[in-house]
Amino acid sequence: YKNEIIEANKSVNWYPKYVGTKRFNNWLENMVDWGISRNRYWGCPMPIWICDKCSCKHVIGSLDELQSMVVENINVRDLELHRPYIDNVHLKCPECGGVMSRVSDVMDVWFDSGSTWNAVLKSGRYDSGTYPSSMYLEGSDQHRGWFQSSLLLSCAINAHAPYKSVLTHGFTVDAKGEKMSKSKGNVVAPDKIAKEFGVEILRLWVGLSDYSGDLKISNDILKQ
């Protein structure tokens, strides 16, 4: 459904605009299949069991279905449904009657973050606005992360983007354009700036900065 995703992105108001029409759109046009599973110990377990005898695979869709197939005398609602606890749950194979064990894979972390529009906006449990969201706001590192996974999942389920607009920004870096790090000693702390120069200078720097790229800051820049 790549074409549907590309079309959905065209309805989104991107700030800055070129990110959505150029960079992000190019990623969508050139993307390949998304592997939503990872073979790691930590993470949300994939609800997939495979038969030790006939290799039949079965995807569990609810706790009630899981309970109906459990071999052990347990109540699955009392379980911690994460590793390693869920790996001790075995099911009866619907094909041969053998024992099924859960696959070791977990969900890709971007599947979790990409489905937050459903958990937060559509659940009705939070006072967080309506779906689709009026705006998603994050740094440029989320172009291929949260923005993309959210769009893919929303289009797959509801055939439209989870956001009406997206604002993406750069990062605050030092005068040389390098990432701030305590080990490098190049961190410019807002509270120290306020004490030395006053908070209005900090506000002026923010107002004059182009948020679409990385924002350089240093004592010399503030003095100027």
Side-chain angles (χ1 to χ4, degrees), residues 1-50 56-66 81-83 86 102-171 210-214:
Y1 62 104
K2 182 187 290 189
N3 291 335
E4 287 81 358
I5 294 172
I6 294 173
E7 285 299 315
N9 182 54
K10 292 179 180 179
S11 67
V12 178
N13 293 316
W14 279 83
Y15 304 96
K17 187 175 181 179
Y18 73 87
V19 173
T21 57
K22 301 274 186 166
R23 186 179 185 188
F24 192 74
N25 188 71
N26 289 340
W27 278 340
L28 296 179
E29 290 181 345
N30 297 310
M31 70 179 177
V32 294
D33 289 343
W34 176 23
I36 62 173
S37 65
R38 294 287 183 269
N39 199 310
R40 294 173 179 159
Y41 184 82
W42 57 269
C44 293
M46 298 285 285
I48 303 173
W49 273 256
I50 184 170
C56 170
K57 294 180 180 178
H58 188 80
V59 180
I60 295 295
S62 67
L63 288 176
D64 290 336
E65 182 182 9
L66 180 63
L81 298 177
H82 287 84
R83 305 192 72 181
I86 193 64
R102 198 192 71 82
V103 300
S104 61
D105 292 353
V106 298
M107 299 291 290
D108 178 14
V109 66
W110 290 114
F111 187 92
D112 281 355
S113 63
S115 60
T116 51
W117 53 264
N118 184 65
V120 176
L121 299 180
K122 294 199 71 177
S123 68
R125 299 177 183 176
Y126 309 95
D127 184 17
S128 303
T130 57
Y131 170 82
S133 171
S134 58
M135 176 178 284
Y136 271 37
L137 190 156
E138 254 291 0
S140 56
D141 60 333
Q142 298 303 320
H143 294 175
R144 222 166 192 169
W146 187 41
F147 297 151
Q148 181 168 259
S149 62
S150 298
L151 180 65
L152 297 185
L153 287 173
S154 181
C155 287
I157 298 173
N158 298 309
H160 61 78
Y163 35 65
K164 297 177 182 177
S165 60
V166 174
L167 190 151
T168 176
H169 57 81
F171 294 90
D210 180 7
Y211 69 85
S212 63
D214 288 340

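Keep in mind that the numbers below use all heavy atoms, side chains included, and drop hydrogens, waters and symmetry copies. All residue numbers in this chain count up from 1 along the given sequence.
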If you measure from [atom1] on [X] to [atom2] on [Y], what distance do you get to the nearest 0.5 Å?
{"X": "Leu153", "Y": "Asn158", "atom1": "CG", "atom2": "CG", "value": "10.0 Å"}
{"X": "Leu137", "Y": "Phe147", "atom1": "CG", "atom2": "CZ", "value": "7.0 Å"}
{"X": "Met135", "Y": "Asn13", "atom1": "CE", "atom2": "CG", "value": "8.5 Å"}
{"X": "Cys155", "Y": "Tyr1", "atom1": "SG", "atom2": "OH", "value": "7.0 Å"}
{"X": "Phe111", "Y": "Leu152", "atom1": "CZ", "atom2": "CG", "value": "11.0 Å"}

Check whether more than 12 heavy atoms from other residues, nucleotides or ligands sit under 6.0 Å from atom NZ of Lys2, and answer yes or no.
yes
So which heavy atom on [X] is nearest to which on [Y], and how close?
{"X": "Ser212", "Y": "Pro16", "answer": "CB-CG, 3.6 Å"}
{"X": "Pro162", "Y": "Ser150", "answer": "CG-O, 3.5 Å"}
{"X": "Ala161", "Y": "Ala8", "answer": "N-CB, 4.1 Å"}
{"X": "Asp105", "Y": "Ser37", "answer": "OD2-OG, 3.7 Å"}
{"X": "His82", "Y": "Gly43", "answer": "CD2-O, 4.0 Å"}
{"X": "Ile86", "Y": "Arg102", "answer": "CG2-NE, 3.8 Å"}

Just jot down the side-chain hydrogen bond (donor to acceptor under 3.5 Å, both in side chains) partners of [X], sequence neighbours excluded, or say none.
{"X": "Asp214", "value": "none"}
{"X": "Asn25", "value": "Glu29"}
{"X": "Glu4", "value": "none"}
{"X": "Ser133", "value": "none"}

Would you please name every residue forming a side-chain contact (heavy atoms from CB on, under 4.5 Å) with [X], sequence neighbours left out?
{"X": "Asp112", "value": "Cys44"}
{"X": "Asp108", "value": "Trp34, Arg38, Trp110"}
{"X": "Ser104", "value": "Asn39, Arg83"}
{"X": "Thr130", "value": "none"}

Does a side-chain heavy-atom distance below 4.5 Å link [X] with [Y]?
{"X": "Gln148", "Y": "Leu28", "value": "yes"}
{"X": "Leu151", "Y": "Phe24", "value": "yes"}
{"X": "Trp49", "Y": "Ile60", "value": "yes"}
{"X": "Lys122", "Y": "Ile157", "value": "no"}
{"X": "Trp146", "Y": "Val166", "value": "no"}
{"X": "Val12", "Y": "Tyr163", "value": "yes"}

What residues, two or more places apart in sequence or in another chain, satisfy salt bridge (charged side-chain N to carboxylate O under 4.0 Å, His left out) together with Lys17?
none
Can you name the salt bridge (charged side-chain N to carboxylate O under 4.0 Å, His left out) partners of Asp210, sequence neighbours left out?
none
I'd like to know if the side chain of Ser115 reaches the main chain of Asn118, judged simply by a donor and an acceptor atom lying under 3.5 Å from each other, with no hydrogens or angles considered.
no
So which pairs with a foot in residues 135-144 pass side-chain hydrogen bond (donor to acceptor under 3.5 Å, both in side chains), sequence neighbours left out?
Arg23-His143, His143-Thr168
Go through the structure and list residues passing ring pair (Phe, Tyr, Trp, His ring centres under 6.0 Å) with His160, not counting sequence neighbours.
Tyr131
